[in-house]
Amino acid sequence: MANSTQYVLTNLRVAPMQANGENYGGLIENGAIAIDGETIAWVGPVADIPIDYREWPTRECDGALATPGLIDCHTHIVFGGDRANEFEMRLEGASYEEVARAGGGIISTVKATRTASVEELVADALPRLDALIAEGVTTIEIKSGYGLELESERNMLLAARELGELRDINVRTTFLGAHATPPEFKGRADDYINLVAEEMLPQLHKEGLIDAVDGFCEGIAFSPEQIKVVFNAATKLGLPVKLHAEQLSNLGGASLAASFKALSADHLEYLDEAGVKAMAAAGSTAVLLPGAFYTLRETQMPPVQLLRDHQVPISLATDCNPGSSPLTSLLLTMNMGATLFRMTPDECLAATTRNAAKALGFDDRGTLAVGQRADIALWAIQHPAELSYRIGFNPLKARIFGGKL
Ligand code: NIG
Ligand code: FE
């Protein structure tokens, strides 16, 4: 019954998460959701179920709370090896930047990723993906960026696509060739950027492996001028862009991204008001990554109030990666959004549903409304605030992916 193509979930509390000015999009008590194939056909109070849906099989949900399936819109979940040794170095006093400059950091993961096969990358990433799925994640973005040469970047993107085949989850792939300068280009970052823009990007796009293009704009990575070269190439191919910006310093990366109508700018601890205004004008989403903030013991807070004041949508993501955010819990990410960044529980849930969808360019998911994909999480909790209030607890009861329970 539950897997039939048409059915109605009943005895729910529903957090629709539409942007209508109400908390959680206006909680519905004793609610129901009619599902037709992969799509939501109707949402509302049980008492109002239209006659057309009354004959469909029902599934009683014991008063569970229904939210949109969660969306993790910024991850580096595919990589080789791990960096527990650098964790030890940092505990002995080295900074993230010092480790990176000493040839560790991203480059140490590049070495481990280049020697891994696609199968090994998939096998390593699966437990991380499964941890997210177990928390009701139904859409995930996965970046390349630890290959930094055509073949290894391709392997990462193939592994990401493969993960989407192996599990009931939607995968968006982002090409992050401009993540770091690989060792063989040391001192020739411009040459590497040209290779990324002129060869790697067009080739991997031709192979159908890229949904969006990202870069790392930072002192230890690339300048705005270098990122611009990559973004121009992406725009020429009709690909949307996003950017790791203002994480450790303010280089004006968010404004640059906004000038390309970026889907999002991410991290943003050092973002200033000019950058916020540029993002607002461009309609870009601010993706905050509290896992990296926490791991690096950052003290500069992202400008949450300015983002609110200028109505920039705020999203939260795990940034799951082996260096700055070895985090595979989107629920804990929401808790950090509240506790570290002082976001409200309503903002934290919007940040991993509606606004995360926006950060990936989707308008068919992220809310529970007629016509949206039937990606739904059912939770054994009373109130949606519990999702960000509890620490290290997973109340997921059931997960519906494209109508499939
Ligand atoms: O999003 N900031 C740049 N990239 C990753 C970190 C990558 C790494 O340290 O391996 C991030 O935090
Ligand atoms: Fe990242």
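Both ligands and their constituent atoms are indexed starting at 1 by order of listing. None of the values given here were measured: they were computed from a predicted structure.
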Engineer: Of all residues at least two apart in sequence or in a different chain, which pass the side chain to side chain contact (heavy atoms under 4.5 Å, CB included) check with A292?
Structural biologist: Q247, H267, D319, S324, S325
Engineer: Scan side-chain atoms only and decide if D309 and Q305 contain a donor-acceptor pair under the 3.5 Å cut-off.
Structural biologist: yes
Engineer: Could you list the residues that satisfy ring pair (Phe, Tyr, Trp, His ring centres under 6.0 Å) with Y96, not counting sequence neighbours?
Structural biologist: none
Engineer: Which word best sums up how the rings of W56 and Y53 line up, parallel for under 30°, tilted for 30 to 60°, or perpendicular for over 60°?
Structural biologist: perpendicular
Engineer: Write 'none' if nothing qualifies; otherwise put on separate lines each N/O atom of ligand 1 with a protein N/O atom under 3.5 Å away and their distance to 0.1 Å.
Structural biologist:
| from | atom 1 | to | atom 2 | distance (Å) |
| --- | --- | --- | --- | --- |
| ligand 1 | 1 (O) | H76 | NE2 | 3.2 |
| ligand 1 | 1 (O) | H244 | NE2 | 3.0 |
| ligand 1 | 1 (O) | H267 | NE2 | 3.0 |
| ligand 1 | 1 (O) | D319 | OD1 | 2.9 |
| ligand 1 | 1 (O) | D319 | OD2 | 3.0 |
| ligand 1 | 2 (N) | Q247 | OE1 | 2.9 |
| ligand 1 | 4 (N) | H179 | NE2 | 2.8 |
| ligand 1 | 9 (O) | R83 | NH2 | 2.8 |
| ligand 1 | 9 (O) | Y96 | OH | 2.4 |
| ligand 1 | 10 (O) | R83 | NH1 | 2.9 |
| ligand 1 | 10 (O) | R83 | NH2 | 3.2 |
| ligand 1 | 10 (O) | Y146 | OH | 2.6 |
| ligand 1 | 12 (O) | H267 | NE2 | 3.4 |
| ligand 1 | 12 (O) | D319 | OD2 | 2.9 |
| ligand 1 | 12 (O) | S324 | OG | 2.5 |

Engineer: Do T109 and R83 meet the criterion of a side-chain donor-acceptor pair at a distance under 3.5 Å?
Structural biologist: yes
Engineer: With a 4.5 Å cut-off on side-chain heavy atoms, are R114 and Y146 touching?
Structural biologist: no
Engineer: Are H244 and H74 close enough that a side-chain donor and a side-chain acceptor fall under 3.5 Å?
Structural biologist: yes
Engineer: Can you see whether E298 engages Y270 through a side-chain donor-acceptor pair at a distance of less than 3.5 angstrom?
Structural biologist: yes
Engineer: Do you see a donor-acceptor pair shorter than 3.5 Å between the side chains of N355 and T285?
Structural biologist: no
Engineer: Could you please tell me which protein N, O or S atoms lie under 2.8 Å from the Fe ion (ligand 2)?
Structural biologist: H74 NE2, H76 NE2, H244 NE2, D319 OD1
